[in-house]
Amino acid sequence: MQKFTFYSPTKIFFGKNQIGYLSTQVQKYGQKVLMTYGGGSIKKNGIYEAVMEELEDEFEVFELGGIEPNPKIESVRQGVEICRREKIDVIVAVGGGSVMDASKAIAAGYYYEADPWDLVTGKARIRKALPLLTVVTINATGSEMNGNAVISNPKMQEKLGFFSELVYPKASFLDPTYLYSLPTIQTAAGTADTMSHVFENYFKEEKAPIQDGLAEAILRTVIHYTPIAIQDPNNQEARSNLMWASTMALNNMTEVGKPGPWSCHAMEHELSAFYDITHGVGLAILTPRWMERVLDEKSLEKFVDYGMNVWGIDKDKEPWAIAEESIKKTFDFFKSIGIPMTLGQLGIGEERVKEMAKCAYAHGSFNKTYRSLTEKDIENIYRACL
Ligand code: NZQ
Ligand code: ZN
């Protein structure tokens with residue numbers, strides 16, 4: 001295990017009706033609130049009313065709706081403009097990773113005089129940010145308890161991430177009943193994203209049984225509960241465990257001591273930059289193909305652990321058989337929860353594969369990943385997904 005610094009400043013309010021503490025948390029930061037949200041799901045499932053009930057009497061609330069999946073820099077610019085015009089004190093993001101990430105960029109962009117895209121690319125450093133609270137409506141990214149944000153710039157055809165300690169949410173509200181209205185494909189995609197966050201840290205060489213044991217527990221949990229939530233969307237036990245799993249998968253707990261760049265995310269971000277697809281769907285398609293590419297003598301032991309501890313594969317089988325079966329089980333699981341498992345099913349052909357591989361290789365650092373990948377390897381992984 002390598003040296004690390006662990007910092008996790010977000011206060012979590014988990015459970016049904018915990019939204020009742022929202023106003024006391026917002027009060028700490030001021031009177032003028034920007035409430036951000038997505039394309040309108042919160043107006044259909046009662047979450048908008050629940051948040052407003054907490055906020056409207058005590059605060060002056062301004063709204064920025066319409067934040068799109070794979071949030072665009074234009075929404076961030078709009079948000080910064082509202083914050084400046086109305087002298088906003090605090091942001092309350094109500095939604096999934098897209099709304100939370102755009103809100104993080106708005107929070108930082110408020111204190112940066114030029115275009116907020118500079119903060120995403122790293123051209124300028126984030127020096128200050130407005131306080132942010134989140135109300136989570138989909139279990140997927142873990143953005144509610146981390147300092148990451150991923151923003152798209154369609155004009156540049158780029159989707160890039162940034163990290164800053166300054167944009168960690170001050171508090172996040174996780175009510176599993178808010179997940180009841182999720183469409184099946186979003187439930188499935190959220191699980192794929194959760195699993196991928198775990199995989200990206202788990203498949204590394206450092207020996208870290210605490211982090212890896214937690215990773216395996218998260219994987220077993222989502223594998224068990226996702227089919228239940230799909231069959232019975234209002235199952236509170238399933239939704240609760242899925243919700244906490246996604247938060248735990250990307251709040252640094254499985255990552256500490258095991259640093260290093262991620263492969264599948266770097267490849268997926270190009271897919272969604274080029275084709276605006278759902279992040280978790282792209283990851284599910286890529287993951288088993290990436291696993292096939294990185295399974296070798298050196299990584300075998302890790303795949304055997306994964307196969308036995310996560311999928312319960314018989315330990316008396318040959319190591320290679322266990323490893324290969326674990327990859328097949330991963331593929332079959334994603335398929336069983338309704339994810340289209342080829343890019344062709346999303347209408348994506350081979351036309352831009354080379355270009356995507358080039359961009360992924362340029363934006364990522366594949367020579368430092370678990371098994372280093374060349375640009376040609378990346379191209380072949382995309383091709384295997386077609
Ligand atoms: O926009 P609305 O109408 O709200 O609908 C959303 C959206 O269409 C819908 N939805 C959300 N909650 C719902 C609901 N529909 C019904 N009932 C509910 N309760 O779900 C759709 C997807 O929402 P989105 O926020 O895009 O999903 P997700 O949380 O998966 O976020 C994906 C974004 O986060 C980035 C991804 O790249 C992508 O841009 N990521 C952010 C990370 C982070 N900040 O740490 C890490 C991740 O690896 C990821 O890259
Ligand atoms: Zn992800």
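Remember, it's 1-based here, ligands and their atoms both numbered in the order they're listed. No experiment lies behind these values; they were computed from the predicted model shown.
Taking each heavy atom of Ala93 and Leu132 in turn, the nearest pair found is CB-CD1, 4.0 Å. The shortest heavy-atom contact between Ser23 and Phe59 is O-CZ, 3.5 Å. In plain terms, the two heavy atoms of Leu373 and Trp290 that are nearest each other are CD1-CD1, 4.1 Å. Phe6 and Asn251 make their closest contact through CE1-O, 3.8 Å (heavy atoms, listed as atom of the first residue, atom of the second, distance).
Around atom 49 (C) of ligand 1, the closest heavy atom drawn from His279, Met145, Lys159, Glu68 belongs to His279. Considering only non-hydrogen atoms, atom 12 (N) of ligand 1 lies nearest to Thr137 out of Asn70, Thr137, Leu250, Asn148. Here atom 13 (C) of ligand 1 lies nearest to Leu182 when heavy atoms of Ile138, Thr194, Leu182, Val167 are compared. Considering only non-hydrogen atoms, atom 28 (P) of ligand 1 lies nearest to Gly97 out of Ala273, Gly97, Gly39, Ser143.
At least one heavy atom of Gly40 sits under 4.0 Å from some atom of ligand 1. The closest approach between a heavy atom of Asn146 and any atom of ligand 1 is below 4.0 Å. Taking 4.0 Å as the cut-off, Pro183 counts as a neighbour of ligand 1 on heavy-atom distance. Under the 4.0 angstrom criterion for non-hydrogen atoms, Ser272 is not in contact with ligand 1.
Side-chain contact, Thr374 with Asp377: a donor N or O sits under 3.5 Å from an acceptor N or O. Side-chain polar atoms of Ser181 and Lys44 form no donor-acceptor pair below 3.5 angstrom. Defined by atom type and a distance below 3.5 Å, a donor-acceptor pair is missing between the side-chain atoms of Ser164 and Arg125. Between the side chains of Glu350 and Tyr382, no donor-acceptor pair is found at a separation under 3.5 Å.
Applying the 4.0 Å criterion to heavy atoms of Gly38 picks out, from ligand 1, the atoms 1 (O). Residue Pro71 approaches ligand 1 through these ligand atoms, each under 4.0 Å from one of its heavy atoms: 39 (O). Atoms of ligand 1 lying under 4.0 Å from any heavy atom of Val150, numbered from 1 in the order shown and given with element: 40 (N), 41 (C), 50 (O). Listed by atom number, the atoms of ligand 1 under 4.0 Å from His265 heavy atoms are 48 (O).
Looking at His197 against ligand 1, only its side chain comes within 4.0 Å, counting heavy atoms. Only the backbone of Tyr178 comes within contact range of ligand 1, with a heavy atom under 4.0 Å; no side-chain atom does. Contact annotation for His269 and ligand 1: only side-chain heavy atoms (C-beta onward) come within less than 4.0 Å of the ligand. Contact annotation for Asp101 and ligand 1: only side-chain heavy atoms (C-beta onward) come within less than 4.0 Å of the ligand. Contact annotation: for Asn45 versus ligand 1, heavy atoms closer than 4.0 Å belong to the side chain alone. Proximity of Pro69 to ligand 1, defined as any heavy-atom pair under 4.0 Å, is shared by backbone and side chain alike. Looking at Lys44 against ligand 1, nothing comes within 4.0 Å, counting heavy atoms. Neither the backbone nor the side chain of Thr278 has any atom closer than 4.0 Å to an atom of ligand 1 (non-hydrogen atoms only).
Between Tyr7 and Tyr168, the ring center distance clears the sub-6.0 Å criterion. Ring-centre distance between Phe203 and Tyr306: below the 6.0 Å cut-off.
Below 30°, between 30° and 60°, or above 60°: for Tyr37 and Tyr48 the angle between ring planes is above 60°, a perpendicular geometry. Ring geometry for Phe366 against Tyr361 counts as parallel: the plane angle stays under 30°, on a 0 to 90° scale with 60° as the upper cut.
In this structure, atom 18 (C) of ligand 1 is in close contact with the protein, since a protein heavy atom lies within 4.0 Å of it.
Rounding to 10 degrees, one finds that the Zn ion (ligand 2) sits at the corner of an angle of 170° between His279 NE2 and His197 NE2.
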Evaluate the salt bridge (charged side-chain N to carboxylate O under 4.0 Å, His left out) criterion for residues Glu325 and Lys328: first the C-alpha distance (whole Å), next the side-chain angles of each, then the deciding distance (0.1 Å), finally the verdict.
CA-CA 5 Å; Glu325 192 176 335; Lys328 185 174 181 316; over 6 Å; no

Between Asp276 and Lys72, is a salt bridge (charged side-chain N to carboxylate O under 4.0 Å, His left out) present by the stated rule, with each step listed?
CA-CA 11 Å; Asp276 210 357; Lys72 313 295 180 281; 3.5 Å; yes

Start with the C-alpha distance between Ser152 and Asn70, add both sets of side-chain angles, then the distance that settles side chain to side chain donor-acceptor pair (under 3.5 Å), and finish with yes or no.
CA-CA 6 Å; Ser152 293; Asn70 299 322; 5.3 Å; no

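Distance from atom 30 (O) of ligand 1 to its nearest protein heavy atom, with residue and atom name: Ala140 CB, 3.5 Å. In terms of protein heavy-atom proximity, atom 16 (C) of ligand 1 is nearest to Ser181 O, 3.4 Å. The protein atom (non-hydrogen) at minimum distance from atom 22 (C) of ligand 1 is Gln186 OE1, 3.5 Å. The protein heavy-atom contact nearest to atom 33 (C) of ligand 1 is Ser98 OG, 3.5 Å. The protein non-hydrogen atom at the shortest distance from atom 4 (O) of ligand 1 is Ser41 OG, 2.7 Å. Protein heavy atom at the shortest distance from atom 42 (C) of ligand 1 is Thr141 CB, 3.7 Å.
Relative to the six-membered ring of Phe62, Lys32 misses at least one condition, a distance below 6.0 Å or an angle of at most 45° to the axis.
Residue Asp193 approaches the Zn ion (ligand 2) most closely through its N/O/S atom OD1.
Between Thr330 atom OG1 and Phe303 atom CZ the span is 8.0 Å, to the nearest 0.5 Å.
For residue Glu268, no N/O/S atom approaches the Zn ion (ligand 2) to within less than 2.8 Å.
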